[in-house]
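Any value given below was found using the heavy atoms of this structure, including those in side chains, with hydrogens, waters and symmetry copies removed.
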2 protein chains.
Amino acid sequence: MRNMNKKISLVVIRRLPRYYRYLGELLNQNIKRISSKELSEKMNVTASQIRQDLNCFGGFGQQGYGYNVEELYYEIGTILGLRNGYKTIIAGAGYLGHALANYAGFEKRGFKTIGIFDSDPAKIGGQAGGVTIYNVADMGDFLKENPADIGILAVPKMSTKAVVDEMVKGGIKGLLNFSYVDLDVPDDVVVENVHLSDSLMTLSYLVREKKKMSKDGGGL
Amino acid sequence: MRNMNKKISLVVIRRLPRYYRYLGELLNQNIKRISSKELSEKMNVTASQIRQDLNCFGGFGQQGYGYNVEELYYEIGTILGLRNGYKTIIAGAGYLGHALANYAGFEKRGFKTIGIFDSDPAKIGGQAGGVTIYNVADMGDFLKENPADIGILAVPKMSTKAVVDEMVKGGIKGLLNFSYVDLDVPDDVVVENVHLSDSLMTLSYLVREKKKMSKDGGGL
DNA sequence: TAGATTGTTAATCGATTAACAATC
DNA sequence: TAGATTGTTAATCGATTAACAATC
């Protein structure tokens, strides 16, 4: 029960979901305890890093024993805010919006999608992943009645700005951004970007490097 | 024209697509030249970092002038391998597969989707984003006839392993992984993960932190 | 030429790893 | 108790920033 103050680095935070995932796997396999060493071998990171990361949030382990899988899984979930019952809305009911609405992973981790918004009359009134699709023009009113925490942006680039402004005005505090543009939001709103084409370009670079390497001295 | 050897850090690579994006924007606005300082202000990074990053690949600028936007845009594109005509295939013709097949951003950056694969007889023979959907059972044969460089994984977790093995056997050298599981691939294959639920969990943490901060001493 | 801005070296900062005493 | 493994401090490594001479 240390920390309290000391700001925790974002690189540590970004590793937590991966730990959470592996612990969930262990839990499925009915494994009760794990040492940082064993976990580090499974995950291809150093045991030191695992221990350092976890100790940012408190001493979850026990000397000579390791970590209790179920407890650690639970604790990391709490740290990540998975027990806060965050409500999400999705802007855009295209293929991507549908994919996200149907994605079981979100619900399973405690996020509840309460509305999807689009401007296409053919879609409005329909459903995606069991959630109703509303007119995006009514999003502001909807948020007044049904406060939400997280907004997911699955709209075309040109609609992004207007939708973001409306969401922020409506009290949304976090944005998951699939749009190609970077967002400009007030200080009290956080953004997490998922730039698909950035990922593909990075991959492209890496593929090219690999091919180059295997051509010349690939032996060693 | 330095480098040649000296391995370039992945953190640098991951910034290139963002530079590329901003330069494309400037190009659209018909801006001819830009200094590292101006660009740094637009992008919210330090000018020093931009210069350091670019100098990993060569001296693209000119003292007293800055960088030629068009030239730099072109050069970064080359570095990223966007002029290699990489062919991609998509596994999974669900909503996500459709979203990716329809995503103009990929084609615009020089990636060509040559096939989509699914196991659902109702989908096989159809199209997504103008590309034919084939039986995933025929993927191996397809790759023999139509070599591809990059495979995009938009299949459910349980199908992932089999699909990956088939892709690797078929000569795919890079995987864009949307699946929840981490992949186990040979040394000469690279993987770029897009874990949507990881992003959402990170966002969840950040939202929680912000809320905490605005509650207590949010004034300063 | 004078002014501007790069390319690059050196200084700082932060993140990772190693080591080990504390302790279950 | 002896063995194992944590929590934590110290050492190393890498990434970012600052500074400035080179030069367009």
Side-chain angles (χ1 to χ4, degrees), chain A residues 1-19 22-23 26 31-73 75-76 79 202 205, chain B residues 1-19 22-23 26 31-73 75-76 79 202 205:
Chain A
M1 210 25 62
R2 189 167 332 76
N3 102 304
M4 270 282 65
N5 271 6
K6 192 63 151 14
K7 184 143 179 13
I8 290 151
S9 159
L10 189 57
V11 300
V12 174
I13 305 306
R14 286 190 197 286
R15 280 193 291 262
L16 294 183
R18 188 150 179 268
Y19 294 142
Y22 273 81
L23 288 165
L26 293 173
I31 294 168
K32 301 292 180 207
R33 61 166 286 269
I34 191 148
S35 68
S36 58
K37 181 148 181 296
E38 289 171 288
L39 190 56
S40 78
E41 281 158 8
K42 277 185 202 297
M43 297 188 62
N44 260 310
V45 296
T46 63
S48 226
Q49 182 164 79
I50 293 175
R51 293 207 300 277
Q52 284 275 29
D53 284 353
L54 296 178
N55 275 95
C56 294
F57 304 97
F60 303 125
Q62 195 169 94
Q63 279 97 332
Y65 173 85
Y67 299 87
N68 178 296
V69 173
E70 189 170 0
E71 186 197 322
L72 189 54
Y73 180 77
E75 291 292 350
I76 294 180
I79 293 164
T202 301
Y205 173 90
Chain B
M1 214 24 62
R2 187 169 333 75
N3 99 301
M4 270 283 64
N5 270 8
K6 193 67 152 7
K7 186 146 177 9
I8 289 149
S9 157
L10 190 57
V11 300
V12 174
I13 305 304
R14 286 191 198 285
R15 282 194 290 264
L16 295 182
R18 188 151 178 267
Y19 294 142
Y22 273 81
L23 288 165
L26 294 172
I31 293 168
K32 301 293 180 206
R33 59 164 287 268
I34 192 150
S35 69
S36 58
K37 180 147 182 295
E38 290 170 286
L39 189 56
S40 78
E41 281 157 7
K42 277 186 204 293
M43 297 189 62
N44 262 310
V45 296
T46 62
S48 225
Q49 183 164 77
I50 292 175
R51 293 207 299 279
Q52 283 275 29
D53 284 354
L54 296 178
N55 274 98
C56 293
F57 304 97
F60 302 126
Q62 194 167 95
Q63 280 98 330
Y65 173 85
Y67 299 87
N68 178 295
V69 173
E70 190 171 0
E71 187 197 320
L72 189 53
Y73 180 76
E75 291 291 350
I76 294 178
I79 293 163
T202 302
Y205 174 90

Task: Proximity to the side chain of B:Gln52 - top-ranked nucleotide from D:dA18, C:dT16, C:dT6 - done: D:dA18
- [ ] Scan A:Ser35 against the nucleic acid and name what it touches under 4.0 Å (heavy atoms): base, sugar-phosphate only, or nothing.
- [x] sugar-phosphate
- [ ] Report, as yes or no, whether the 6.0 Å neighbourhood of atom CD on B:Glu41 holds more than 12 heavy atoms from other residues, nucleotides or ligands.
- [x] yes
TODO: Ignoring backbone atoms, test whether B:Arg51 places a side-chain nitrogen or oxygen under 4.0 Å from the OP1 or OP2 oxygen of C:dT6.
DONE: yes
TODO: Would you tell me if any nitrogen or oxygen in the side chain of A:Tyr67 comes within less than 4.0 Å of OP1 or OP2 on D:dG7?
DONE: yes
TODO: Write down the atom of B:Pro17, the atom of B:Ile13, and the distance for their closest heavy-atom approach.
DONE: CD-O, 3.1 Å
- [ ] Report yes or no: is the cationic atom of B:Arg33 (NZ for Lys, CZ for Arg) closer than 6.0 Å to the six-membered ring centre of B:Tyr67, at no more than 45° off its axis?
- [x] no
Task: From B:Tyr205 atom OH to A:Leu16 atom CG, the distance as rounded to the nearest 0.5 Å - done: 8.0 Å
- [ ] Find the distance B:Leu72:CG to C:dT5:C1' and express it as a whole number of Å.
- [x] 15 Å
- [ ] Counting heavy atoms from C-beta on, name the nucleotide in C:dT8, D:dG7, D:dT17 closest to the side chain of A:Asn55.
- [x] D:dG7
TODO: To the nearest Å, give me how far apart CD (A:Glu75) and P (D:dG7) are.
DONE: 12 Å
Open item on the list: Output the rounded distance in Å from CZ (A:Arg14) to C1' (C:dA15).
Closed with: 15 Å
Open item on the list: Under 4.0 Å, heavy atoms only, any strand: does A:Ser48 hit a base, just the sugar-phosphate, or nothing?
Closed with: base
Open item on the list: Can you identify which nucleotide, out of C:dC24, C:dT6, D:dA15, has its nearest atom closest to the B:Ser9 side chain?
Closed with: D:dA15
- [ ] Look at B:Thr46 and D:dT17 and indicate whether a side-chain polar atom (N or O) is within less than 4.0 Å of OP1 or OP2.
- [x] yes
- [ ] Could you tell me the separation between the CD atom of A:Gln63 and the C1' atom of C:dC24, rounded to a whole number of Å?
- [x] 6 Å
Task: Given C:dC24, C:dT16, D:dT8, the nucleotide with the shortest approach to the side chain of A:Val11 - done: C:dT16
Task: Expected output: side-chain B:Arg51 to main-chain B:Gly61 donor-acceptor under 3.5 Å - done: no
Task: Nearest-Å distance for atom pair CG/C1', residues A:Leu54 and D:dT8 - done: 14 Å
Task: Contact under 4.0 Å: B:Gln49 side-chain N or O vs D:dT16 OP1/OP2 - done: yes
TODO: Rounded to the nearest angstrom, tell me the gap between atom CG in B:Leu10 and atom P in D:dC13.
DONE: 20 Å
Task: Candidates A:Glu38, A:Gln49, A:Arg18 - the one meeting side chain to side chain contact (heavy atoms under 4.5 Å, CB included) with A:Met43 - done: A:Arg18
Open item on the list: Strictly below 4.0 Å: does A:Arg15 bring a side-chain N or O up to OP1 or OP2 of C:dT16?
Closed with: yes
Task: Atom-pair distance (CG on B:Asn68; P on C:dT5), nearest Å - done: 15 Å
Task: Identity of whatever pairs with D:dT23 - Watson-Crick or G-U, under 3.5 angstrom - done: C:dA4
Open item on the list: Here's a test of your reading of the structure: between A:Gln62 and B:Ile34, which maps to the more 5' nucleotide of DNA chain C?
Closed with: B:Ile34
TODO: May I have the distance from B:Phe57 (atom CZ) to C:dG7 (atom C1'), rounded to whole angstrom?
DONE: 15 Å
Task: Nucleotide opposite C:dG14 in a Watson-Crick or G-U pair, distances under 3.5 Å - done: D:dC13
